[in-house]
Amino acid sequence: MSGAPDSRPTWADVDVAAFRRNVATITALLPEGARLVAVLKADGYGHGALPLAHACKNRVAMIAVALLEEALVLRRGGIDTPLLVLGPLTAPQVRIAIEERITMGIVGPEELALVRDADAGIHLKLDSGMGRMGVMESELPAVIEMLRGAPRLRVEGIYTHFANADEPGDEYTATQIANYDRMLAALRNAGIDAPMHHLANSGATLRRLVRPGELARVGIALYGPGQSAPTEPVLRWRTAIMRLKELPAGHPVGYGTTWRAARPSRIATLPVGYADGFRRAHSNNGDVLIHGRRAPIVGRVSMDLTTIDVTDIAEAAYGDEVVLLGTQGEGRITAEELATRTGTISYEILTGIGARVPRRHHDS
Ligand SMILES: *Cc1c(COP(=O)(O)O)cnc(C)c1O
């Protein structure tokens, strides 16, 4: 079953070699002189950030995370690749980031005021149309004044973030690029520039919108979420049949008795539930893989348990491996499939895999 006799039979295998191949696949899409920033926020989109960060060594320009805490875990774990915290950061966190030589994404004038007297490296975020973080065009004159009064501050990067780059038929990204270019020109006119510039996320990178010499901040595509990206799935989420029973026709299954056997049925119980991030929206809605074939989820997904109908899979037996996400034989379930089933996005599926699901990293 799990390969670790003392742990629960529900776990996620993380294929570090596949991640490294994905880094190469994405890097190959970049134009002349462009480099990758691997986005490993939210514990590497639920995969466990530290082993993936080690796999990035000498392959990426920087590693980006959202939180200072996430950057510190990587630093303490021996990562010497430059780290960018996307933020936002509080005043005490800014002091720690400076001490630890972690590059800060500075998301507005308030945060710039916290670092202006520091000897520190920053990437300045511009709001090109997301309306969330970043300096607005109307705020640029004030920001330019502040930067002029901050001679020890090093602006090492200037960047922005796209709202719609992964939407089919999107035209807004072109508007955002034009807005960014205009704001960058205004900074340059004021004598402010940076060695690094970055706009693209996964969606824009896959659409080849990265320009020569720029960086690309790529997250989801590095993890192989499904058909939207040309990369391999990195994570495989497995469990096992821990109870297998015959139910007579008419017998209900689970809370709310939402499913009843229409025929004599073999119902298997899996030790995984919504507390593990296997979403309750999968109740009577979705499949798992067993012996390489699909078995439907029946009844409600509960906190710790999920039930499946294996009546049509005669070989199914107590202890058999079940794949919730990933491949098994000819079968394949992607994060995008789980997301479509449950009305969300692959990001939420991957980052939602719970802390009590052990991650086992393999590097073949
Ligand atoms: C999360 C994030 C990314 C990565 O986005 P993907 O769609 O996962 O590639 C890039 N830039 C910023 C600022 C982010 O917050």
Side-chain angles (χ1 to χ4, degrees), residues 19 22-23 25-27 29-30 34-47 49 52-53 56 60-71 74 82-89 102-108 111 122-135 156-168 170 172-173 176-177 179-180 194 196-210 214-231 233-235 334-336 339 344-353:
F19 179 80
N22 289 348
V23 167
T25 300
I26 298 298
T27 301
L29 297 176
L30 299 178
R35 296 190 70 197
L36 186 62
V37 178
V39 181
L40 298 184
K41 61 190 176 184
D43 203 17
Y45 288 49
H47 292 62
L52 302 186
C56 286
V60 305
M62 300 187 88
I63 291 169
V65 292
L67 311 185
L68 176 65
E69 288 85 341
E70 294 172 338
L74 299 183
L83 299 175
L84 173 64
V85 178
L86 298 166
L89 297 174
I102 290 165
T103 307
M104 292 168 281
I106 294 297
V107 302
E111 221 172 66
I122 66 163
H123 286 216
L124 182 67
K125 183 167 196 175
L126 305 180
D127 186 353
S128 60
M130 183 91 165
R132 197 179 62 173
M133 298 210 292
V135 174
E156 294 170 349
I158 299 173
Y159 70 111
T160 194
H161 192 44
F162 294 138
N164 287 355
D166 58 354
E167 304 266 325
D170 151 60
Y172 193 52
T173 301
Q176 286 198 257
I177 293 172
N179 292 343
Y180 170 88
M196 291 179 263
H197 303 95
H198 41 109
L199 301 82
N201 53 5
S202 292
T205 302
L206 297 176
R207 284 169 58 192
R208 308 293 190 108
L209 297 177
V210 181
E214 289 179 348
L215 304 183
R217 299 183 312 275
V218 177
I220 194 71
L222 294 178
Y223 304 98
Q227 61 180 20
S228 75
T231 44
V234 173
L235 183 144
T334 65
E336 283 170 2
T344 183
I345 55 177
S346 59
Y347 302 67
E348 198 177 22
I349 297 295
L350 293 172
T351 60
I353 299 173

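Numbering of ligands and ligand atoms starts at 1, following listing order. Side chains are part of it too, since the values below use all heavy atoms of this structure and drop only hydrogens, waters and symmetry mates.
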Do Leu222 and Ile26 come close enough that some side-chain heavy atom pair is under 4.5 Å? yes
Taking the side chain as everything from C-beta on, heavy atoms only, tell me whether Met104 gets closer than 4.5 Å to His123. no
Nearest protein heavy atom with distance in Å, relative to [atom]:
atom                    : result
atom 14 (C) of ligand 1 : Lys41 NZ, 3.0 Å
atom 12 (C) of ligand 1 : His161 CE1, 3.4 Å
atom 7 (O) of ligand 1  : Tyr347 OH, 2.6 Å
atom 9 (O) of ligand 1  : Ser202 OG, 2.5 Å
atom 11 (N) of ligand 1 : Arg217 NE, 2.7 Å
atom 8 (O) of ligand 1  : Tyr45 OH, 2.5 Å

Verify the distance criterion only: is there a donor paired with an acceptor across the side chains of Glu336 and Ser228 at less than 3.5 Å?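 A pair is found: one side chain offers a donor N or O, the other an acceptor, under 3.5 Å apart.
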Side-chain donor-acceptor pair under 3.5 Å between Asn22 and Thr25, yes or no? no
Residues Tyr159 and Leu86: closest non-hydrogen pair is OH-O, 4.0 Å
For ligand 1, find out whether one of its N or O atoms is nearer than 3.5 Å to an N or O atom of Leu86. no
Can you confirm, on distance only, whether ligand 1 has an N/O atom lying under 3.5 Å from any N/O atom belonging to Val218?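 N/O-N/O distance under 3.5 Å: no.
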Nearest 0.5 Å, please: how far is CG in Leu199 from NE2 in His161?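 Nearest 0.5 Å value for the NE2-CG distance: 11.0 Å.
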